[in-house]
Protein chains: 2
Amino acid sequence: MRIGELSARTDIPRRMLRYYEEQELIASTRAANGYREYAEETVERVAQIRELLDVGLPTRIIREILPCLGVPRVIRFPAPTPEMVGSLREELDRVQTRIDILTRHRDAMACYLDSVMAHDSGHQPNICVQ
Amino acid sequence: MRIGELSARTDIPRRMLRYYEEQELIASTRAANGYREYAEETVERVAQIRELLDVGLPTRIIREILPCLGVPRVIRFPAPTPEMVGSLREELDRVQTRIDILTRHRDAMACYLDSVMAHDSGHQPNICVQ
DNA sequence: GTGGACCTTCACATATATGCGAGGGTTCCA
DNA sequence: TGGAACCCTCGCATATATGTGAAGGTCCAC
């Protein structure tokens, strides 16, 4: 499919699709007239990229972890080198750290809300220790 | 304490501390000579801000959720209005969504690594479906 | 009283993810 | 054959979180 269709199906501006390609997050072939041609899977891949960007990961990291988040959603074996495995493991660690920190702060927010509710209903406020 | 000490203790450049203040993430009083004066708790507060920034939250959101992540790490009741509670609940939802997405991708990465390991040791590769 | 270490504000520079539009080629249909 | 709807590249503009430095005030120790 061409860029217009991909844009319509993913709801991502053409400008951004070209940017993702420049960042090597997606690939395209070129038709004789120079138009980009995308494979069907690209739709799902773009959705994954959006999720990861929305969650705060920079393209640099997305580029690194995308190859193992295969599309369709079944993993492949592109003969990973030990370096790839190592750096993937590091990214996994960083993602885990992100999750831990977000979880900690989420718990604090939830506890705060609980306390506010308890307070409203006349109970003693909880003391939340993170 | 003054900005130099705060910078040394938090390992955040002075430039950034002034920026956080401009973004209303931290506060300071001014000495007679115009120098910023920080309270002791600011050290911990800056650490929280760093965590949240590192995790990908923008200052806009941090400003919103910081008040309920009290320093010291025990919550306070600054008489929250219903609007504050509502928008905090929304932020909590967004943080939860972030956690969910990151968790899903973490699992995919971990599964991929598992499969690579199994492959190395001569087993059949796992099929990971997200 | 002078130098160095600290502080102030201000302004400009960078990277990243975006938006916007110009200038121009291609395809297709009426 | 002409216009609409595509596509291309290129460049400039924005916001956010940063880095860097200039021009200048303050304070203290020698």
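Every chain is numbered from 1 and lettered A, B, ... according to where its sequence line falls, protein lines coming before strand lines. Atom set for the values below is all heavy atoms of this structure, side chains included, hydrogens, waters and symmetry mates excluded.
Atom CZ in R30(A) sits about 15 Å away from atom C1' in dC6(D), given to the nearest Å. Distance, L25(B) CG to dT18(D) P: 11 Å, rounded to whole Å. Rounding to whole angstrom units, CZ of residue R14(A) and C1' of dC10(D) are separated by 17 Å.
Judged by distance alone, with hydrogens and angles left aside, the side-chain atoms of E91(B) form no donor-acceptor pair with the main-chain N or O of I65(B) at under 3.5 Å. Between the side chain of T42(B) and the backbone N or O of Y38(B), no donor-acceptor pair lies under 3.5 Å. In this structure, R45(B) contributes its side chain and L25(B) its backbone to a donor-acceptor pair below 3.5 Å. No side-chain donor-acceptor contact under 3.5 Å links S7(A) to the backbone of I3(A).
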Next on the checklist: Is there a side chain to side chain contact (heavy atoms under 4.5 Å, CB included) between R104(B) and I101(B)? Walk through the geometry before answering.
Outcome noted: CA-CA 5 Å; R104(B) 190 149 42 75; I101(B) 294 174; 3.9 Å; yes

Checklist entry - Can E40(A) and R9(A) be said to form a salt bridge (charged side-chain N to carboxylate O under 4.0 Å, His left out), step by step? => result CA-CA 11 Å; E40(A) 188 61 27; R9(A) 289 174 62 184; 2.6 Å; yes

Next on the checklist: Applying side chain to side chain contact (heavy atoms under 4.5 Å, CB included) to L92(A) and L88(A), what does each step give before you reach the verdict?
Outcome noted: CA-CA 6 Å; L92(A) 181 56; L88(A) 178 57; 5.6 Å; no

Next on the checklist: Y20(A) vs R15(A), test: side chain to side chain contact (heavy atoms under 4.5 Å, CB included). Steps then yes/no.
Outcome noted: CA-CA 9 Å; Y20(A) 298 159; R15(A) 173 73 177 83; over 6 Å; no

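Scanning residues 90-102 of chain A for heavy-atom distances under 4.0 Å to DNA chain D yields an empty list. Applying a 4.0 Å cut-off to non-hydrogen atoms, none of the residues of residues 52-63 of chain A approaches DNA chain D.
For the residue pair H105(B) / E51(A), a side-chain donor-acceptor distance below 3.5 Å is found, with atom types taken as modelled.
Residues Y35(A) and I12(A) fall into different hydrophobic clusters, defined by Ile, Leu, Val, Met, Phe, Trp and Tyr side chains chained together at heavy-atom separations under 4.5 Å.
Along DNA chain C, the stretch of nucleotides lying under 4.0 Å from any heavy atom of chain A spans, 5' to 3', dT16(C) to dT27(C).
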Checklist outcome for this item: 5' to 3', nucleotides 23-30 of chain D under a 4.0 Å protein heavy-atom cut-off (B base, S sugar-phosphate only, - none) gives --BBS---

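The existence of a salt bridge linking R2(B) and E5(B) is excluded, since no basic side-chain nitrogen approaches an acidic carboxylate oxygen closer than 4.0 Å. Remark: R18(A) does not engage E21(A) in a salt bridge, criterion side-chain N to carboxylate O under 4.0 Å.
Within the 4.5 Å cutoff, the side chain of R106(B) has heavy atoms near those of the T103(B) side chain.
The two residues T10(A) and V43(A) have their closest heavy-atom pair at CG2-O, 3.8 Å.
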Pairs under 3.5 angstrom only: tabulate donor-acceptor contacts from the side chains of residues 56-64 of chain B to other protein residues two or more places apart or in another chain.
from	atom 1	to	atom 2	distance (Å)
T59(B)	OG1	Q23(B)	OE1	3.4
R63(B)	NH1	Q23(B)	O	2.5
E64(B)	OE2	S87(B)	OG	2.3

For nucleotides 19-21 of chain D, print each protein N/O atom paired with a nucleotide N/O atom at under 3.5 Å, atom names and distance only.
from	atom 1	to	atom 2	distance (Å)
dG19(D)	O6	R15(B)	NE	3.4
dG19(D)	O6	R15(B)	NH2	3.1
dT20(D)	O4	R15(B)	NE	3.1

